[in-house]
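Inspection log for the structure reproduced underneath, given as structure tokens.
Letters A, B, ... mirror the listed sequences (proteins, then strands); counts begin at 1.
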Amino acid sequence: MSQPTTGLATRGLHAWFDKHHALADVSIHFPENTVTGLIGPSGCGKSTFLRLLNRMHEFIPKSAMAGEVLFNGEDIYGADVDPTEIRKRIGMVFQKPNPFPSMTIGENVVAGLKLAKVKTSNKDDLIEECLTRAGLWKEVGSRLKAPASSLSGGQQQRLCIARALALKPEVLLMDEPCSALDPGSTLRVEETIEQLSENMTIVIVTHNMQQAARVSDYCAFFLSGGGPGRLIEADETSKIFSSPQDSRTADYVQGRFG
Amino acid sequence: MDYFHFDDAQAVEPQRPWTRRRFSKPKRWSEAAITCAMWVGFAVVMLPWISIIATVVVRGSKAFYIDYLTTDMLVNSSDDPLNAGGVGHAIVGSLIMVTLAALIAVPLGIITAVYIVEIKGRFAKAVRFFTQAMSGVPSIVAGLFIYSMVVIGITHKYNAIAGSMALSILMLPTVTRTAEEVLKVVPRELRDASYALGASQFRTTVSVVLPNVRSGLVTAAVLGVARVAGETAPLLLTSQYFVKFSTDLFKNPMASLPTYIFGNLGVGSDNAVSRAWGGSLVLIVLIVLLSTLARLIGGRTRRSR
Ligand SMILES: Nc1ncnc2c1ncn2[C@@H]1O[C@H](COP(=O)(O)OP(=O)(O)OP(=O)(O)O)[C@@H](O)[C@H]1O
Ligand SMILES: [Mg+2]
């Protein structure tokens with residue numbers, strides 16, 4: 001297998017929580033500027049896998065990993081790699097909206113600049129740009145000074161997307177970003193993903209098969225089956241849904257288990 | 001009408017203006033008994049408190065006259081009539097020494113709590129154990145320690161710096177343990193959000209975690225101040241008592257409210273004892289004022305929750 005030099009790829013990736021082997025031997029390639037959906041039953045290691053991709057896994061006490069994550073051909077777990085630099089370039093949106101409660105809406109959008117010590121020429125323009133891309137500008141453009149906690153859950157999630165966009169990441173990881181949202185907000189987030197994928201690589205975990213079919217170009221199916229979670233198969237989304245190679249994938253996408 | 005039936009839904013005229021209903025739980029015998037027991041318990045607990053406050057106010061107010069808060073005892077003795085000499089020097093002394101102690105103990109306590117909870121450094125467990133042990137140190141031992149190390153060892157004088165140091169030793173465990181509890185309840189999601197944006201641990205702590213618990217840290221500081229404001233024994237061994245207004249931290253002893261109370265009680269005459277009660281009243285009012293002020297400062301710039 002030749003080594004991909006663009007996009008994001010993993011090779012023989014494993015993860016442990018203390019003694020518990022949660023994820024085993026995942027090798028996959030996320031091509032540049034595509035959307036990949038990660039699907040699979042609860043507990044199969046999707047979140048763990050996602051957190052390995054931007055080095056968030058190591059914040060969990062006693063955790064461990066093995067294997068490589070190649071970002072534009074370079075291993076992000078290499079000895080001389082600064083993890084904070086990686087997290088700046090590979091953004092993340094969490095399942096539960098987590099805006100900074102002590103900051104205003106506007107401050108939240110540009111919080112990453114301050115936290116990661118990135119300079120910008122014009123904050124106001126950046127705030128407007130990011131909120132527009134996250135589909136939130138129309139709703140909150142006039143009250144940027146209001147506390148972030150005054151927003152609805154769906155709005156908070158889009159604010160978190162805007163906050164991740166402010167650092168202009170090359171990759172965006174999303175862990176069930178719509179699971180706490182109403183259908184309207186979900187639709188808007190999906191539109192946002194569509195637009196972002198023009199110049200951004202997106203990996204999104206979802207339990208919603210329709211959503212996976214709607215937003216993703218590729219799909220990857222994970223399953224644990226008692227032992228550690230493994231990648232069962234990854235392919236173009238249409239193939240995963242119409243003619244999967246593995247019978248377990250077919251069972252899952254047709255809702256027969258999981 | 002009491003009940004709503006679907007059958008006559010058409011017949012019910014919407015009432016305007018609305019009759020607003022308040023919800024009350026159905027009264028039950030057992031609930032009434034529990035409520036009653038609770039009030040009795042509350043009264044039993046409150047009674048000593050109210051009687052202490054009332055006694056201090058009644059007896060302490062005797063010592064008050066127009067200049068009581070603004071004069072010192074330089075030209076008066078404790079036995080003098082209650083229209084000359086005051087408690088001003090003790091107020092100033094207490095404020096200075098408690099403030100200095102807080103300036104030492106509050107930042108140190110917060111840093112210690114950050115080390116234990118955020119950094120989880122190699123010695124976190126040991127530091128935690130040490131802090132816990134420290135909170136059991138009797139105040140007179142803290143005073144004795146500073147007395148031998150600083151008063152005997154370095155300055156060769158009773159002074160305010162030694163007093164502040166003794167107080168800060170007593171304040172530190174309270175601040176640390178409270179700050180620790182406050183930091184522990186910061187949800188992991190909040191730290192995750194910051195780290196995912198490429199923040200270092202230092203940035204995350206300073207810009208996300210600490211601002212988010214500001215009011216809790218103010219509480220930690222207030223508890224620390226309240227813990228030491230009335231301490232007498234360590235001050236008797238370190239800053240001693242002084243009859244005069246003084247702001248010198250090194251050269252001479254410094255008065256404080258607890259030592260003022262203690263000194264006047266020791267004299268024993270009616271007027272002296274009244275002065276002691278007066279000092280007690282001032283001390284209580286001061287602590288209440290300080291906590292209220294801290295609450296206002298801590299709450300004002302907070303934007304949520
Ligand atoms: N912090 C943790 N400590 C210990 N074990 C964990 C931790 N987080 C996850 N695990 C374990 O790792 C395995 C994978 O969990 P993970 O959260 O990655 O699953 P998931 O596919 O994201 O599930 P879901 O769809 O429910 O979010 C599970 O067996 C889980 O119990
Ligand atoms: Mg998950």
Side-chain angles (χ1 to χ4, degrees), chain A residues 47 50-51 53-62 82-105 107-118 145-151 156 159-160 163-169 172-175, chain B residues 110 113-128 179-180 182-221 295-305:
Chain A
S47 301
L50 209 63
R51 290 170 67 90
L53 298 180
N54 69 341
R55 299 198 59 169
M56 290 292 290
H57 179 63
E58 59 211 59
F59 284 115
I60 291 157
K62 294 189 181 169
D82 174 6
T84 59
E85 201 57 39
I86 293 299
R87 294 185 202 113
K88 255 188 257 178
R89 296 170 60 194
I90 305 181
M92 189 164 213
V93 176
F94 298 83
Q95 176 169 359
K96 213 172 121 210
N98 55 359
F100 298 121
S102 58
M103 298 183 192
T104 65
I105 295 171
E107 283 168 355
N108 256 282
V109 176
V110 289
L113 302 178
K114 186 176 147 209
L115 289 168
K117 288 184 281 183
V118 177
K145 294 216 160 56
S149 49
S150 69
L151 296 176
Q156 288 187 13
L159 177 62
C160 291
R163 181 177 67 185
L165 295 180
L167 287 167
K168 308 211 183 306
L172 192 60
L173 311 174
M174 306 175 105
D175 194 352
Chain B
I110 292 175
V114 164
Y115 180 78
I116 296 171
V117 180
E118 296 291 313
I119 303 175
K120 295 192 190 75
R122 197 175 345 157
F123 306 109
K125 281 222 175 74
V127 171
R128 187 136 183 281
E180 208 188 311
V182 166
L183 287 176
K184 263 195 216 150
V185 299
V186 174
R188 203 188 83 186
E189 285 87 27
L190 207 61
R191 296 188 179 98
D192 271 0
S194 174
Y195 288 131
L197 291 167
S200 62
Q201 184 172 52
F202 178 78
R203 272 268 135 243
T204 302
T205 304
V206 172
S207 304
V208 175
V209 176
L210 293 182
N212 197 56
V213 294
R214 178 163 36 207
S215 67
L217 296 179
V218 170
T219 305
R295 285 250 153 260
L296 289 178
I297 296 170
R300 196 183 49 196
T301 41
R302 212 168 36 138
R303 293 202 198 84
S304 70
R305 266 197 289 176

Checklist entry - Tell me, side chain or backbone of A:P169 under 4.5 Å from chain B's heavy atoms, or both, or neither? => result neither
Next on the checklist: Any non-hydrogen side-chain atom of A:N98 less than 4.5 Å from a side-chain atom of B:P187?
Outcome noted: no
Next on the checklist: Please list all pairs meeting ring pair (Phe, Tyr, Trp, His ring centres under 6.0 Å) that have one or both residues in residues 85-105 of chain A, counting only residues at least two apart or in different chains.
Outcome noted: none
Checklist entry - Is the NZ atom of B:K125 crowded by more than 12 outside heavy atoms at less than 6.0 Å? => result no
Checklist entry - For A:R163, is it the side chain, the backbone, both or neither that has a heavy atom under 4.5 Å from a heavy atom of chain B? => result both
Checklist outcome for this item: chain B shares the most heavy-atom pairs under 4.5 Å, among A:R55, A:K117, A:E85, A:K114, with A:K114
Item to check | B:L197 side chain near A:M92 side chain, heavy-atom distance below 4.5 Å | outcome: no
Item to check | Minimum heavy-atom distance between B:Y195 and A:R87, given as atom pair plus value | outcome: O-CD, 3.1 Å
Item to check | Note, A:L115 side chain near B:V208 side chain (heavy atom, < 4.5 Å) | outcome: yes
Item to check | side chain to side chain contact (heavy atoms under 4.5 Å, CB included) partners for A:K96, two or more places apart | outcome: B:E189
Checklist entry - What part of B:R188 lies closer than 4.5 angstrom to a heavy atom of chain A: side chain, backbone, both or neither? => result side chain
